[in-house]
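Heads up, the thing below is written out as structure tokens.
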There are 2 protein chains.
Amino acid sequence: MNDRRPTLLEYALLGLANNQPRTGYAFRKVFEATPMAHYSSSPGSIYPALQRLDERGLLESSVGDGDTLRPKRVYTVTSEGVEALRAWVSQRVTREDVIWRPRELMLRFSFMGGLVDDDVSCTFLEQLAVELDGYARSLEEYRSAMPGHGPPHGVLAMEAGLANVRSMKTWAKNALRQFLPSQRSDGRG
Amino acid sequence: MNDRRPTLLEYALLGLANNQPRTGYAFRKVFEATPMAHYSSSPGSIYPALQRLDERGLLESSVGDGDTLRPKRVYTVTSEGVEALRAWVSQRVTREDVIWRPRELMLRFSFMGGLVDDDVSCTFLEQLAVELDGYARSLEEYRSAMPGHGPPHGVLAMEAGLANVRSMKTWAKNALRQFLPSQRSDGRG
DNA sequence: CCCCCCATGTAACATGTTACATGATTGA
DNA sequence: TCAATCATGTAACATGTTACATGGGGGG
């Protein structure tokens with residue numbers, strides 16, 4: 001048996017199934033058509049992943065009217081699956097997440113809707129901003145140690161990374177405003 | 001024999017070796033310490049990758065004074081390796097690159113220094129800007145089709161993607177100015 | 001009737017992860 | 001001498017990629 005934590009692909013499937021039950025083919029179409037999640041849409045990755053999630057009890061499948069071979073199989077998330085998803089999105093945002101797994105972070109955020117309370121989204125965005133800030137500072141430090149002579153490619157690539165981190169930070173701060181409990185307390189205008 | 005094109009990790013090793021010959025351990029240290037390239041620094045990935053590159057003739061290795069077991073092995077890029085690297089960085093920037101492989105793009109750019117003429121960097125940045133622009137437009141279109149009601153997470157995640165693409169575009173346009181052949185032609189001030 | 005899209009799956013393969021094993025060198 | 005760091009590698013395993021195989025249903 002396989003007790004590892006789910007892959008990113010598996011979490012993506014779980015999150016999509018949580019929005020709406022789908023067939024394997026429908027999952028594949030989402031990965032092909034959607035610009036959001038950058039996962040392979042090949043049958044060789046999707047179907048085995050769905051089978052694994054089924055075996056672990058995070059998804060369950062029901063065949064449609066079944067007298068054909070190759071029955072159409074619809075996957076629905078189980079309560080255990082919902083819990084796994086909730087635990088995943090609610091994890092603390094770490095510096096490592098920001099450095100190594102920014103896509104996973106955005107995937108987590110995008111699955112929060114309807115799954116967790118707004119204060120979880122709020123905490124997520126606050127932690128994200130903090131970690132992005134710290135990372136930006138370490139990048140700046142790193143850059144200042146780079147040689148000013150020679151080809152500028154290294155420094156420029158560095159600056160691309162920095163610009164990226166900063167834009168994400170700006171985004172997080174703006175997004176946060178939509179989740180903060182309303183600022184104006186009921187008294188006064 | 002394995003004739004596939006090199007992995008991203010292998011290109012990263014090739015590029016680093018092109019800057020300076022290193023031991024396997026030194027490559028690992030770079031991946032641990034550098035914020036730029038997000039690759040695994042585990043021996044289980046690095047050493048086999050170096051062996052593959054050696055077998056394919058893109059790297060060659062020389063052992064230091066060798067009467068010990070476990071000789072220290074220094075990898076140097078071959079002329080064939082340099083050619084492979086040059087071909088890789090010089091490829092046309094496609095929409096798919098921008099959507100699915102932005103990190104690879106930045107890696108390609110950062111290895112251009114000292115490897116190709118400035119007009120290659122120039123072309124790269126121009127193509128990059130064009131493709132980013134097209135991608136941004138398709139993202140905007142996609143976003144405008146999203147539901148305005150319900151949890152805002154999806155729309156926000158979308159906007160994060162957009163902000164990211166736009167910041168990269170701005171970067172590309174700024175970087176381009178450093179590679180454009182000097183605007184003022186020799187006549188007049 | 002044929003082709004395309006819907007739909008599900010498997011097999012071979014390469015890569016990367018994790019954990020382990022080993023040995024050399026350097027400084028406290 | 002002991003520990004840390006330098007240094008190289010392998011084995012088991014899971015995942016993902018590519019290519020292939022199969023079959024139903026609808027439209028031209």
Side-chain angles (χ1 to χ4, degrees), chain A residues 1-14 17 21-33 37-56 58-59 61-75 96 100-101 103-104, chain B residues 1-14 17 21-33 37-56 58-59 61-75 96 100-101 103-104:
Chain A
M1 206 175 298
N2 186 350
D3 279 350
R4 294 184 157 210
R5 65 189 290 262
T7 334
L8 195 47
L9 172 62
E10 289 169 351
Y11 278 124
L13 292 169
L14 227 40
R22 284 173 225 258
T23 65
Y25 188 77
F27 285 114
R28 292 182 57 204
K29 289 289 123 178
V30 173
F31 291 141
E32 270 173 23
H38 302 173
Y39 306 96
S40 73
S41 64
S42 70
S45 61
I46 305 287
Y47 289 106
L50 289 170
Q51 285 165 13
R52 290 194 298 268
L53 290 168
D54 199 341
E55 283 160 20
R56 292 178 220 173
L58 304 182
L59 288 182
S61 63
S62 64
V63 292
D65 313 333
D67 54 348
T68 56
L69 308 172
R70 306 267 160 167
K72 195 198 300 201
R73 191 174 285 275
V74 178
Y75 288 92
E96 285 70 37
W100 303 95
R101 299 176 288 271
R103 278 202 212 147
E104 178 168 352
Chain B
M1 208 173 298
N2 186 350
D3 279 350
R4 295 184 157 207
R5 66 189 290 261
T7 334
L8 194 48
L9 172 61
E10 289 170 351
Y11 277 124
L13 292 169
L14 228 39
R22 284 174 225 257
T23 66
Y25 188 76
F27 285 115
R28 291 182 58 204
K29 290 288 124 180
V30 173
F31 290 141
E32 271 172 23
H38 302 175
Y39 305 96
S40 73
S41 64
S42 70
S45 60
I46 305 287
Y47 289 106
L50 289 169
Q51 286 165 14
R52 289 194 299 269
L53 290 167
D54 197 342
E55 282 160 21
R56 292 178 220 175
L58 305 181
L59 288 182
S61 63
S62 64
V63 292
D65 313 336
D67 54 348
T68 56
L69 309 173
R70 305 265 160 167
K72 197 196 305 200
R73 192 174 285 276
V74 177
Y75 288 91
E96 285 69 36
W100 304 94
R101 296 176 291 268
R103 279 203 211 145
E104 177 167 351

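Chain A is the first sequence line, chain B the second, and so forth, proteins listed ahead of strands; every chain is numbered from 1.
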Q.
Side-chain N or O of Gln51(B) versus OP1/OP2 of dT10(D): is the shortest distance under 4.0 Å?
A. yes
Q. Under 4.0 angstrom, heavy atoms only, what part of the nucleic acid is Ser42(B) near: base, sugar-phosphate, or nothing?
A. base
Q) Which part of the nucleic acid does Ser45(B) contact within heavy-atom distance under 4.0 Å: base, sugar-phosphate only, or nothing? A) base
Q | Sugar-phosphate, base or nothing in reach of Gly44(A), heavy atoms under 4.0 Å | A | base
Q: Nearest whole angstrom, please: distance from the P of dG9(C) to the CZ of Phe27(A).
A: 13 Å
Q.
Expressed as a whole number of angstroms, how long is the span from Tyr47(A):OH to dT17(D):P?
A. 15 Å
Q: State whether Arg52(A) places a side-chain N or O below 4.0 Å from either non-bridging phosphate oxygen (OP1 or OP2) of dG16(D).
A: yes
Q. If you check the Lys29(B) side chain, which of dT10(D), dC6(D), dG9(C) turns out closest?
A. dC6(D)
Q: Can you figure out which of dT15(D), dT8(C), dT10(D) approaches the side chain of Lys72(A) most closely?
A: dT8(C)
Q | DNA chain D: 5'-proximal contact among Pro43(A) and Leu9(A) (nearest heavy atom) | A | Leu9(A)
Q: Figure out the CD1/C1' separation between Ile46(B) and dA7(D), and round it to whole Å.
A: 13 Å
Q.
Rounded to the nearest 0.5 Å, what separates atom CG in Leu14(A) from atom OH in Tyr75(A)?
A. 13.0 Å
Q. Considering only dT10(D), dG16(C), dT15(D), which nucleotide approaches the side chain of Pro48(B) most closely?
A. dT10(D)
Q: Answer yes or no: is there an ion pair linking Arg52(B) with Glu55(B), defined by an N-O contact shorter than 4.0 Å?
A: no
Q) Would you call Arg28(A) and Phe31(A) a side-chain contact if the rule is heavy atoms closer than 4.5 Å? A) no
Q. How long is the line joining CZ of Arg22(A) and C1' of dT8(C), in whole Å?
A. 18 Å
Q: Measure from CZ on Arg73(B) to C1' on dA24(C) and round the result to the nearest Å.
A: 16 Å
Q) What integer distance in Å separates Leu13(B):CG from dT15(C):P? A) 12 Å
Q: Please report, rounded to the nearest Å, how far the P atom of dG16(C) is from the CZ atom of Arg101(A).
A: 18 Å
(Q) Looking only at the side chain of Glu10(B) (C-beta and beyond, no hydrogens), which of the listed nucleotides dC5(C), dT15(C), dA14(D) gets closest? (A) dT15(C)
Q. To the nearest Å, how far apart are Tyr25(A) OH and dC4(C) P?
A. 14 Å
Q.
So Arg28(A), base contact, sugar-phosphate only, or nothing? Heavy-atom distance under 4.0 Å.
A. base
Q) How long is the span from the OH atom in Tyr11(A) to the CG atom in Leu58(A), to the nearest 0.5 Å? A) 8.5 Å
Q: Without swapping roles, check the side chain of Arg22(A) against the backbone of Ala17(A) for a donor-acceptor pair under 3.5 Å.
A: no
